[in-house]
Protein chains: 2
Amino acid sequence: MSVAVITIHPMSVAAVKYDRGMGRWEPNARGRLERAALELYLERGFDQTTVAQIAARAGLTERTFFRHFADKREVLFAGAVGLQEFLVRTLASTPDSAAPIDAVAAAFEAAGALLQERRDYAWQRQAVIAANAELQERELIKLAALASAMTDTLRQRGVTDPAASLAAEAGIAVFKIAFERWAGGTSQADLPQVIRESLDELKAVTAGK
Amino acid sequence: MSVAVITIHPMSVAAVKYDRGMGRWEPNARGRLERAALELYLERGFDQTTVAQIAARAGLTERTFFRHFADKREVLFAGAVGLQEFLVRTLASTPDSAAPIDAVAAAFEAAGALLQERRDYAWQRQAVIAANAELQERELIKLAALASAMTDTLRQRGVTDPAASLAAEAGIAVFKIAFERWAGGTSQADLPQVIRESLDELKAVTAGK
DNA sequence: CAGATCGATGTCAGTTGCTGTCATCACTAT
DNA sequence: ATAGTGATGACAGCAACTGACATCGATCTG
């Protein structure tokens, strides 16, 4: 019994889940990979998902996944770059009259308002990250990079050195705790307001003699 | 041409670098792995070191490495457990009269004194971690776990919830920045004192209206 | 229009981190 | 003696990630 060898062109196995574009390949490969990854991480968990499965759902190959994302975790953090840019921009454009910690907190409040607009996505993403230690590691180093960027921005505003990094790190701590409370609760709390309350708590806690 | 099949007993290929004990295997396998790993990470870098190389230098096999350490990074963080226990113990035994943030800072000052006694080791380890992003991720999640443990301890002291986590996170931030300044500088600065100064800076930074 | 070039992807082979499973064998308790 | 026990070795295998090269529409160039 002889078997015909069939050469399958990439287009002919294009993912069922996503509409086909007009070029040689479907458009937005990167976005399809992000969406497929989040779906699979939610359905089966991060550990139980292979990169090959993500690529297959997006109608691509494993190799292509690694051309778009440095590793299996990074696909969940693609948006972090934009968020950091927004925060730095907002911080840089805050009037110099504000104290460093207040300027940092104000930037986070503005970012919190944006996050709230994509609440469903933010909550899904948070659920995936909360369920896996490796993803938490990646989240923490993104926050550390953010702290570093905000420290630089503060320095450019004339804030001297230990104060700049402390204001940035303290601001991150406030945001972390506020976000956890917001994402963990079932309430319809307002994220910017939770951030503001957490900042006031921090001020109270550090109001030592 | 026939070749004799030689079965090599583990003892006969025991590591040259480490003295042999009296049992079936050399003693302190775990410690030998830690030392071999640190040496190799310093010599060739974390990425350029394979687990097989570490095991070989310790006179063991790759499989044994993974029986002692969950992954290639964890070998650098074996001592973190003891440090966390020390910090929690110290925090728990601080008089209740101290404000939460001061109690946390006092615990870090005590731990800082211990770290200073092993300054060479602490600096070598820090150099390895500073050179590799994956190791920084691991360090950050250890600090997050530490924050969580200190938060629990503060709660047991009657500190209510947002204040407890904020005091712990703020304390971590202070320690992080103080340690960086201490390990980065060439000076003979006193780590507990650097921690104390950083805490004062934080208090100044958060002393908003 | 023909040909060169380019960019995004596919294909394939290889290394390494990490795991499951079973064998080995000094030591220990009965 | 005999039967565990515990730390290790040996081996097979999966999945993450990388390097090298091939493919082929789209685009540029003459």
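In this text, all values refer to a predicted model and were calculated from it rather than measured experimentally. Numbers restart at 1 for each chain; the letters A, B, ... are given by sequence-line order, proteins then strands.
Among the atoms of the strands shown, none is found under 4.0 Å from any heavy atom of A:Ala52.
Contact annotation: side chain of B:Arg24 to base of D:dG9, donor-acceptor pair absent below 3.5 Å. No N or O donor and acceptor, one from the side chain of B:Arg73 and one from the base of C:dG17, sit under 3.5 Å apart. Judged by atom type and distance alone, B:Arg67 does not reach the base of D:dG6 through any side-chain donor-acceptor pair under 3.5 Å.
Here the nucleotide nearest the side chain of A:Thr64, chosen from D:dT8, C:dG10, C:dG17, is C:dG10. Candidate nucleotides D:dA10, D:dA15, D:dT8 were compared by shortest atom distance to the side chain of B:Leu60, and D:dT8 ranks first. Closest to the side chain of A:Lys72, out of C:dT9, C:dC18, D:dC17, is D:dC17. Checking C:dT11, C:dG17, C:dG7 against every side-chain atom of A:Trp25, the shortest atom distance belongs to C:dG7. For A:Phe66, whose side chain is taken as the heavy atoms from C-beta onward, the closest listed nucleotide among C:dT9, C:dG17, D:dT18 is D:dT18.
Atom CZ in A:Arg44 sits roughly 10 Å away from atom P in D:dA15 (whole-Å rounding). Taking atom CZ on A:Phe69 and atom P on C:dA8, their separation rounds to 14 Å, with Å as the unit. Residue A:Arg63 contributes atom CZ, which lies 12 Å from atom C1' of D:dC21 at whole-angstrom precision. Residue B:Phe65 contributes atom CZ, which lies 18 Å from atom C1' of C:dG20 at whole-angstrom precision. Between A:Gln53 atom CD and D:dC14 atom P there is a gap of 14 Å when expressed in whole angstrom units. If you measure from atom CD of B:Glu62 to atom C1' of C:dC18, you get 8 Å, rounded to the nearest angstrom. Between the P atom of D:dA16 and the CD atom of B:Glu134 lies a distance of 15 Å, rounded to the nearest Å. For the pair A:Glu74 CD and D:dA16 P, the computed distance is 16 Å after rounding to whole Å.
Judged purely by atom type and a 3.5 angstrom limit, B:Arg57 has no side-chain atom pairing as donor or acceptor with the backbone of B:Leu40.
Contact annotation: A:Thr61 reaches the phosphate of C:dG10 (side-chain N/O to OP1 or OP2, under 4.0 Å). Taking 4.0 angstrom as the limit, B:His68 places none of its side-chain polar atoms (N or O) nearer than this to OP1 or OP2 of D:dA7.
Between A:Trp123 and A:Trp182, the angle of the ring planes goes over 60°, which puts this pair in the perpendicular group of the 30/60° scheme.
By the 6.0 Å and 45° rule, A:Arg89 does not stack over the aromatic ring of A:Phe86. A cation-pi arrangement, defined by a distance under 6.0 Å to the six-membered ring centre and an angle within 45 degrees of its axis, is absent between A:Arg125 and A:Tyr41. For the pair A:Arg196 and A:Phe108, the cation-pi test (distance below 6.0 Å, angle within 45°) is failed.
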